[in-house]
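Read the structure below first, then the notes.
Computed from a predicted structure; not experimentally measured. Computation of the quantities below employed the complete heavy-atom set of this structure, encompassing side-chain atoms and omitting hydrogens, waters and symmetry-equivalent molecules.
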Amino acid sequence: MRGLLAFPFLASGVLAVWPIPVNYTSGNHVLWIDRNVHIAYSYASTVYLKHLALAKQELTQWQATSAAPVSQISDGQIQAATSAVVSQGPNTDNTTWSSRIVNNAIERTYDTLFNKNFVPWKFHERFSNFEPALTSSSTYVSLITLQQNASDPVNIMKPDVGDVDESYTLSMTTGGEVTITAVSSIGLLYGLTTLTQLFYRHRSASGCAYTSLAPVEIYDKPMLPWRGLNLDTARTFKPMSDIYAMIDGLSYNKMNRLHWHITDSQSWPLVIPSMPELANKGAYASFQKYSPEDVRAVQEYGALLGVEVAMEIDQPGHTASIGYAYPELIAAFLEQPWQYYALEPPAGTFKLNSTGVPEFLERLFDDLLPRLSPLTSYFHLGGDEVSVNASMLDETVRSNKTAVLQPLLQRFMDRNQDQVRAAGLTPLVWEEQLLTWNLTMPKDTIIQTWLSDESKLAVVEQGYRALVGNYDFWYLDCGHGQWIDFYPGASSRQAWPYEDYCSPRHNWRVIYSLDPLAGVPEDLQHLVLGGEVHIWSEQTDTVNLHQMVWPRACAAGEVLWSGAKDASGRNRSQITASPRLSEMRERLVARGIKAEPIQMTYCTQDDESCVL
Ligand SMILES: *[C@@H]1O[C@H](CO)[C@@H](O)[C@H](O)[C@H]1NC(C)=O
Ligand SMILES: *[C@@H]1O[C@H](CO)[C@@H](O)[C@H](O)[C@H]1NC(C)=O
Ligand SMILES: *[C@@H]1O[C@H](CO)[C@@H](O)[C@H](O)[C@H]1NC(C)=O
Ligand SMILES: *[C@@H]1O[C@H](CO)[C@@H](O)[C@H](O)[C@H]1NC(C)=O
Ligand SMILES: *[C@@H]1O[C@H](CO)[C@@H](O)[C@H](O)[C@H]1NC(C)=O
Ligand SMILES: *[C@@H]1O[C@H](CO)[C@@H](O)[C@H](O)[C@H]1NC(C)=O
Ligand SMILES: *[C@@H]1O[C@H](CO)[C@@H](O)[C@H](O)[C@H]1NC(C)=O
Ligand SMILES: CC(=O)N[C@H]1CO[C@H](CO)[C@@H](O)[C@@H]1O
């Protein structure tokens, strides 16, 4: 019956920004916004006004010409252009990364507010009159001022941990003035991202969006600098459109790293021009390859959205796909039974004492790394799940003894480290290289943990920098069930109900409950750089990729950006996070990302019942 009464407009008054800002205040005044809003970009104290039409025109021009011209710009030119902008103040120049980042963010702000927004009916009582009325006296946001307090570092398109100040402030008055300040262009991007989360689409006032939260004051900055997703494009191939959409999703969540697990034993989709046979024989199919231009395009797309791409070539294990082109480099290549030599079919690992393998790696990295280094500071050397059984079949070694294998792995690592560093990149490795094999590495090597919380602690206690990603919490593939088939009879009965090794599925609450800093003494916390959620892809391809990742990855995004604990030091509450995450899910859907629902509509319409 309540729906039939003419209820006055009910201001919801709940700020549903995801991830939650460091601190904020909000009110319950209504403001409108439409396409006539001006976005003024003030850079190093000079101001210029920018109308939508101009932003559109620029973007179109930029899109028409993007990949080629930018790839020809050298670091020196970028540096020169950046200092020129600093001394002259801003203009519509789109040749520097800083201005491209901000122009892209402005264009996306319009697109999100007016084209990819949603009506929040799911978050109000059924049939309630929750929308404000647009009248001739309604107040509009007429001006959004972006103020960048400092010039970007010259490596804004490939920052090292700590190089970019990602903080921002956002202020919105009841009179409709919006000011976003930030130290960097990425901070402005994040401020604009937050701004879009304050506004909703209106059912009947087309071309407008509204907020009922003015005035708003927000101060925000990340807790941890490395907030990533590990995407596996080797078990199954992902088309470019999926990778772009994934970067969109990461950036909406203020996540800033895409770890691209591009090759594995099952396939080698990466085209290496100096060794064409690698992908010609190692890809699943001729149309499932990433060209150098594709890789560059992914990097550029990421750089514009603050998402740095760290590519991984996993090795010495996980390399069977190299054997299709270079069988002489791979021990236990396609050996059966595969489960003696690898955790998944097919078996195959680099021979650890052959001269061919270092020569191959030298050529591979000489080809690949100089192409990656203009747009990244990182390269992942892999190193998980080394099989000692495979080394028994490796005629250059014929041993499974730690005392024999350890020095060979150390030599392997030393060579790889030297070449990666010579290319100006910082290496990442999986935790086994340090914790199982005790390899010695430069202390700034980033050690990616996955096996336990204890490994994270062991890494930082040794003075190395750690990423978290405990598979009991942050593996998004878990709980999907087995992909292995079992023979009828005992084998099948034993395996019933065919659960996978890391079952059950880790729902968002489990993901949300992992505190990256838990158990780490205060003086070592600076060594925890952040973490990554992982989407291993035995059973995830273009059809279900986004459902598998979103919105569960948002939960990790908030833990990494806002911290697992609230300002009073308590674990963040699921009860307050859940409706906000549901709204975030609606935003992702409105932006074309097929994210799963968090709760049934009954729960989001009535925020009291679905609680225990
Ligand atoms: C938010 O936190 C910052 C830094 O701690 C502080 O300077 C600012 O006053 C706070 N703002 C609000 C609105 O609480
Ligand atoms: C930028 O500078 C203004 C003062 O001019 C300050 O109020 C604001 O907090 C600064 N923004 C950030 C993100 O540091
Ligand atoms: C190693 O190979 C032997 C057979 O040579 C097998 O019995 C054993 O289970 C294998 N070890 C692992 C870890 O698979
Ligand atoms: C590695 O190969 C060299 C050259 O063939 C050989 O002398 C050495 O014994 C091998 N090392 C191991 C551990 O097998
Ligand atoms: C090494 O191989 C021998 C002989 O196959 C086996 O008995 C032993 O368990 C293996 N050691 C390891 C660490 O796998
Ligand atoms: C590495 O060190 C740990 C702890 O000291 C030890 O248990 C392990 O056996 C060592 N592994 C190797 C390969 O030396
Ligand atoms: C807070 O979360 C941690 C896991 O990060 C858990 O161990 C702890 O018990 C939780 N504390 C409370 C009071 O629930
Ligand atoms: C407004 C503006 O400077 N646009 C430029 C953006 O970049 C393209 C390609 O370099 C130029 O042609 C435009 O003039």
Side-chain angles (χ1 to χ4, degrees), residues 12-21 112 116-126 128 130 193-194 196-201 213 227 229 245-246 248-255 472-480 503-515 531-535 540 543-566 570-612:
S12 80
V14 179
L15 185 125
V17 173
W18 191 282
I20 193 91
T112 303
K116 296 181 177 148
N117 211 338
F118 70 100
V119 174
W121 63 272
K122 287 183 188 170
F123 305 98
H124 299 274
E125 280 177 40
R126 62 183 78 190
S128 66
F130 64 86
T193 300
T194 295
T196 64
Q197 298 189 355
L198 304 175
F199 286 88
Y200 300 104
R201 191 158 78 81
L213 293 165
R227 306 179 300 277
L229 169 89
M246 196 53 74
D248 289 342
L250 292 171
S251 188
Y252 292 149
N253 284 279
K254 303 188 174 83
M255 295 172 81
D472 277 335
F473 295 79
W474 283 11
Y475 271 29
L476 300 171
D477 54 313
C478 296
H480 213 78
S503 187
R505 188 174 192 269
H506 309 327
N507 62 52
W508 78 266
R509 294 180 181 82
V510 169
I511 292 169
Y512 202 57
S513 72
L514 179 69
D515 181 352
E532 295 183 346
V533 283
H534 303 258
I535 185 62
T540 299
V543 171
N544 63 345
L545 173 64
H546 296 286
Q547 292 97 305
M548 289 290 285
V549 171
W550 306 112
R552 287 185 297 154
C554 303
E558 177 152 296
V559 164
L560 291 163
W561 175 278
S562 319
K565 293 184 164 33
D566 65 20
R570 283 190 295 262
N571 291 348
R572 288 189 189 280
S573 158
Q574 289 172 19
I575 294 169
T576 53
S578 167
R580 265 191 310 113
L581 186 53
S582 283
E583 282 212 30
M584 190 60 182
R585 183 267 175 167
E586 296 304 317
R587 286 183 199 114
L588 292 170
V589 171
R591 294 165 197 192
I593 296 173
K594 292 198 187 315
E596 294 178 340
I598 289 293
Q599 285 183 322
M600 53 185 165
T601 310
Y602 178 79
C603 299
T604 60
Q605 285 194 326
D606 173 342
D607 59 14
E608 313 249 293
S609 288
C610 301
V611 168
L612 271 181

Straight-line distance of Cys554 SG to Trp508 CH2, nearest 0.5 Å: 10.5 Å
Measuring from Glu558:CD to Lys254:NZ, what's the distance to the nearest 0.5 Å? 10.0 Å
If you look at every heavy atom in Pro19 and Asn253, which pair is closest and at what distance? CD-O, 3.6 Å
Non-hydrogen side-chain atoms of Leu229 and Met246 separated by less than 4.5 Å: yes
Is there a side chain to side chain contact (heavy atoms under 4.5 Å, CB included) between Val119 and Phe130? Walk through the geometry before answering. CA-CA 10 Å; Val119 174; Phe130 64 86; 3.9 Å; yes
Return yes if some donor-acceptor pair links the side-chain N/O of Arg585 with the main-chain N/O of Ala595 below 3.5 Å, else return no. yes
Counting distance only, does the side-chain N/O of Ser578 pair as donor-acceptor with the main-chain N or O of Ile575 below 3.5 Å? no
Between Ser582 and Gln599, which heavy-atom pair has the shortest distance, and what is it? OG-N, 4.4 Å
Pair Leu198-Val17, side chain to side chain contact (heavy atoms under 4.5 Å, CB included): steps then yes or no: CA-CA 7 Å; Leu198 304 175; Val17 173; 3.9 Å; yes
Are Phe118 and Arg201 close enough, and set up right, to give a side chain to side chain contact (heavy atoms under 4.5 Å, CB included), and what steps lead you there? CA-CA 5 Å; Phe118 70 100; Arg201 191 158 78 81; 5.6 Å; no
Are any of the side-chain heavy atoms of Phe199 and Thr112 separated by less than 4.5 Å? no
4.5 Å side-chain heavy-atom contact, Val559 and Leu514: no
Exceeds 12 heavy-atom contacts within 6.0 angstrom, atom NZ of Lys565: yes
Scanning both residues in full, the closest heavy-atom pair of Trp550 with Ile593 reads CD1-CG2, 3.4 Å
Only one of Val533, Leu581, Leu476 clears side-chain contact (heavy atoms from CB on, under 4.5 Å) with Arg552; which? Leu476
Could you pull out the closest heavy-atom pair between Cys610 and Tyr602, with the gap in Å? SG-CD2, 4.1 Å
What is the distance from atom CZ of Arg126 to atom CD of Gln605, rounded to the nearest 0.5 Å? 5.5 Å
If every non-hydrogen atom of Ile511 is compared with every non-hydrogen atom of Trp474, which pair is closest and at what distance? O-NE1, 2.9 Å
Side chain of Asn544, backbone of Met548: donor and acceptor closer than 3.5 Å? no
When rounded to the nearest 0.5 angstrom, what distance separates CE in Met600 from CG in Asp606? 10.0 Å
Identify the two heavy atoms, one from Asp566 and one from Asn571, that lie closest to each other, and give their separation to 0.1 Å. OD2-O, 4.5 Å
Walk me through it: do Glu583 and Tyr200 pass the test side chain to side chain donor-acceptor pair (under 3.5 Å)? CA-CA 11 Å; Glu583 282 212 30; Tyr200 300 104; 2.7 Å; yes
Cation over ring, Arg587 on Tyr252, under 6.0 Å and within 45°? no
Could you state the interatomic distance from CD (Glu596) to CG (Asn507), rounded to the nearest 0.5 Å? 11.0 Å
Approximate separation, where rounding is to 0.5 Å, of His506 NE2 and Asp472 CG: 5.5 Å
